[in-house]
Amino acid sequence: MERGFRATKRFYLLLLAGAVLLVVFVVGAIYLMNRVTGNIRKLEQITLYTEVESEAVVVRSERLFTETASESRILLDEGALVSEGDAIAVLYPYSYESQLSAICTKEATLYTNLQSLLRTASGDGSLPAGVIQYNERINAVTEQMRAAANGEMDPVAYAALESQLIRLLEERRNLMVSSLPDPSVVADAVAEIDTLRANFETNSARTVRSEYNGYVSFYSDANEDNLRDVAQLTVPLIKRILNAPSISMDNESFSYRIVTDRSKFYLAFVQGGTSADRLMPGQTYSFTVKGIKGAYQGRVIAERDAAQGVLYVMQVDSDVRPLLTTRVVEISVQNNATGLYVPLKYIQYSDGTPYIYVKSTDGTYQSIAVYIAGSDGKNAIVAARDSHISLFAGLKVRIPPEQEDD
């Protein structure tokens with residue numbers, strides 16, 4: 001009878017060693033194959049839902065005006081539509097109201113003195129003809145001024161009423177002085193009033209009128225001039241404004257803005273230099289603004305790459321009034337991007353510009369600068385920046401060598 005095979009411990013050890021060698025061989029073969037082909041893939045057509053969220057600076061076509069005044073009476077509501085020449089505010093110089101009060105007080109004191117002198121001189125206690133009529137007119141103007149101050153009539157008329165009051169007081173005084181037997185007895189009092197009036201007229205109130213058609217606003221963040229030219233916007237400028245976005249009224253002087261283009265504004269925002277959260281220049285996107293109802297449409301008119309970030313400027317053809325007093329907003333840009341896609345690991349960045357490695361006709365891989373039209377966090381839609389370069393489905397791309405070596 002033949003003896004059967006009997007497995008020994010040594011046999012199992014040899015079998016295990018062979019299995020380990022086989023696994024090592026297979027893993028090594030897969031690794032080598034990946035080194036040759038595993039980092040290479042073909043461009044494919046796809047549609048991705050993308051969303052880019054960012055803080056953005058609102059850029060408007062606006063003119064800022066600053067006037068010196070200790071007090072102002074604003075005649076229009078915030079955001080009111082104005083035409084060239086419309087009254088915006090009445091400005092009062094330093095101590096304007098105190099000067100007016102001083103004149104009226106001196107006139108009242110002199111009037112009392114003149115009444116006494118004239119009644120004594122007349123013998124019958126009467127006053128010159130015309131004084132009563134002046135008193136009636138003065139009372140009427142005073143009532144109109146009170147109504148203007150309480151908002152019961154057009155405030156623009158207030159300054160004119162003040163001038164009218166001073167003129168009537170002077171005419172009444174001149175009539176009474178000319179009726180005195182000896183006008184010199186009140187010469188000093190008259191000279192004092194004339195001096196006060198001369199100073200008052202030199203520093204009189206004035207009405208500010210609009211130089212443009214548009215929306216008026218009484219808030220400023222002092223960035224209006226910096227943001228006037230959209231073509232000159234930079235990453236450092238936008239970052240600085242984003243870090244100091246407050247808008248407030250200037251209390252030391254009277255400031256106002258006229259937004260001259262009411263149907264268009266811009267949003268400027270910065271994305272990271274190595275972020276795939278990008279937009280495509282020339283494309284129109286839907287977006288929402290936090291705190292503002294409804295959705296907007298905006299077209300990307302500029303993408304400027306820099307080591308410190310990528311600046312986007314989006315033009316929005318819409319009424320600027322909802323964002324009239326806001327400089328910084330939070331936006332969410334949504335889009336269904338369709339095009340050729342690659343996984344994010346296939347993209348490298350240089351000074352904010354994305355690149356992919358594409359196989360050329362001679363079999364080598366060349367670095368091609370691309371736009372990123374959108375990303376879902378895993379893949380990105382890309383297009384060549386150079387209009388002479390055509391990317392198409394089936395074209396081979398590879399992971400950048402520096403990432404492959406890692």
Side-chain angles (χ1 to χ4, degrees), residues 55-69 71-92 151 154-159 205-233 237-238 241-242 244-269 284 286-299 301-302 312-331:
E55 282 191 318
V57 172
V58 181
V59 181
R60 300 169 286 256
S61 176
E62 56 193 344
R63 300 284 179 171
L64 177 65
F65 301 88
T66 300
E67 306 281 352
T68 301
E71 183 181 347
S72 62
R73 182 179 290 111
I74 296 176
L75 308 177
L76 301 172
D77 292 332
E78 174 70 30
L81 180 63
V82 295
S83 299
E84 184 178 350
D86 286 352
I88 294 176
V90 177
L91 303 186
Y92 300 93
D154 185 0
V156 178
Y158 193 84
R206 60 192 179 89
T207 300
V208 175
R209 299 184 180 276
S210 177
E211 298 183 19
Y212 297 92
N213 302 327
Y215 292 141
V216 64
S217 174
F218 303 102
Y219 294 86
S220 169
D221 64 353
N223 283 305
E224 288 78 9
D225 290 338
N226 295 332
L227 299 172
R228 181 172 296 179
D229 188 353
V230 175
Q232 299 300 317
L233 300 180
L237 172 62
I238 298 304
I241 295 174
L242 289 173
S246 60
I247 295 181
S248 60
M249 183 174 286
D250 187 345
N251 294 322
E252 295 182 358
S253 58
F254 176 73
S255 297
Y256 66 97
R257 294 178 291 130
I258 301 295
V259 178
T260 57
D261 193 336
R262 298 179 286 117
S263 60
K264 180 173 64 180
F265 61 93
Y266 302 88
L267 294 175
F269 53 99
T284 298
S286 296
F287 70 93
T288 55
V289 179
K290 185 177 181 180
I292 304 295
K293 292 183 178 180
Y296 290 90
Q297 296 283 323
R299 183 172 62 89
I301 62 171
Y312 286 96
V313 181
M314 181 182 291
Q315 179 179 313
V316 184
D317 295 323
S318 185
D319 189 353
V320 72
R321 195 179 323 208
L323 303 179
L324 189 65
T325 59
T326 302
R327 181 62 75 191
V328 174
V329 295
E330 295 181 32
I331 63 172

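Each residue takes its place number in the sequence, starting with 1.
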### Query
What's the spacing between Leu91 CG and Ile74 CD1 if we round to 0.5 Å?
9.5 Å
### Query
Do the ring planes of Phe265 and Tyr296 sit parallel (below 30°), tilted (30 to 60°) or perpendicular (above 60°)?
perpendicular
### Message
I need the Ser318 OG to Leu323 CG distance, nearest 0.5 Å.
### Response
8.5 Å
### Message
If you count every heavy atom of other residues, nucleotides or ligands that lies below 6.0 Å from Asp229 atom CG, does the total exceed 12?
### Response
yes
### Query
Would you say Tyr215 and Leu81 make side-chain contact, with heavy atoms under 4.5 Å?
yes
### Query
Rounded to the nearest 0.5 Å, what separation is found between the CD atom of Glu211 and the CZ atom of Phe65?
4.5 Å
### Message
Restricting to non-hydrogen atoms, name the atom on Leu324 and the atom on Arg257 that form the minimum distance, rounded to 0.1 Å.
### Response
O-NH2, 2.9 Å
### Task
Flag the pair Val57 / Arg327 as yes when at least one side-chain heavy-atom distance between them is below 4.5 Å, and no otherwise.
yes
### Query
Got a second to check how far Asp261's CG is from Asn213's CG, nearest 0.5 Å?
12.0 Å
#### Entry: Step-by-step side chain to side chain contact (heavy atoms under 4.5 Å, CB included) determination, Asp86 to Val216
CA-CA 11 Å; Asp86 286 352; Val216 64; over 6 Å; no
### Task
Give the minimum heavy-atom separation between Ala268 and Leu233, together with the two atoms involved.
CB-CD1, 4.0 Å
### Query
When rounded to the nearest 0.5 angstrom, what is the spacing between CG in Asp225 and CD in Glu62?
9.0 Å
### Message
Between Ser210 and Ile258, does the side chain to side chain contact (heavy atoms under 4.5 Å, CB included) criterion hold? Intermediate values first, please.
### Response
CA-CA 8 Å; Ser210 177; Ile258 301 295; 3.9 Å; yes
### Task
Grab the two heavy atoms, one from Gly294 and one from Thr288, that are nearest each other, plus how far apart they are.
O-CG2, 4.1 Å
### Message
Go through it in stages, so that I can follow the logic: the residues are Lys290 and Glu55, the test is salt bridge (charged side-chain N to carboxylate O under 4.0 Å, His left out), and I'd like the CA-CA distance, side-chain angles, deciding distance and then a yes or no.
### Response
CA-CA 10 Å; Lys290 185 177 181 180; Glu55 282 191 318; over 6 Å; no
### Query
Going by heavy atoms in the side chains, are Leu267 and Val58 under 4.5 Å from each other?
yes
### Message
Closer than 3.5 angstrom, by distance alone: can the side chain of Gln232 be matched with the main-chain N or O of Val230 as a donor-acceptor pair?
### Response
no
### Query
Mind checking whether Gln315 and Lys264 have side chains closer than 4.5 Å, heavy atoms only?
yes
### Heavy-atom pair with the smallest gap, counting every atom of Ala89 and Leu75
CA-CG, 3.7 Å
### Note, Asp317 side chain near Arg299 side chain (heavy atom, < 4.5 Å)
no
### Query
Side chains of Glu84 and Arg209: does their closest heavy-atom pair fall under 4.5 Å?
no
### Query
At their closest point, which heavy atom of Gln297 faces which heavy atom of Ser286, and how far apart are they?
NE2-OG, 2.7 Å
### Query
Which distance, rounded to the nearest 0.5 Å, do you find between the CD1 of Ile292 and the CD1 of Ile331?
13.0 Å
### Message
Classify the ring geometry of Phe254 against Phe218: parallel below 30°, tilted from 30° to 60°, perpendicular beyond 60°.
### Response
tilted
### Task
Indicate yes or no for a side-chain donor-acceptor contact from Thr260 to the backbone of Gly214 under 3.5 Å, with no hydrogens or angles considered.
no
### Message
Is any side-chain heavy atom of Tyr266 closer than 4.5 Å to one of Leu227?
### Response
no
## Note on the structure
Heavy-atom nearest pair, Glu78 first then Ser217, reads OE2-OG, 2.5 Å
### Task
For Arg206, check side-chain hydrogen bond (donor to acceptor under 3.5 Å, both in side chains) against everything at least two apart and list the hits.
Glu67
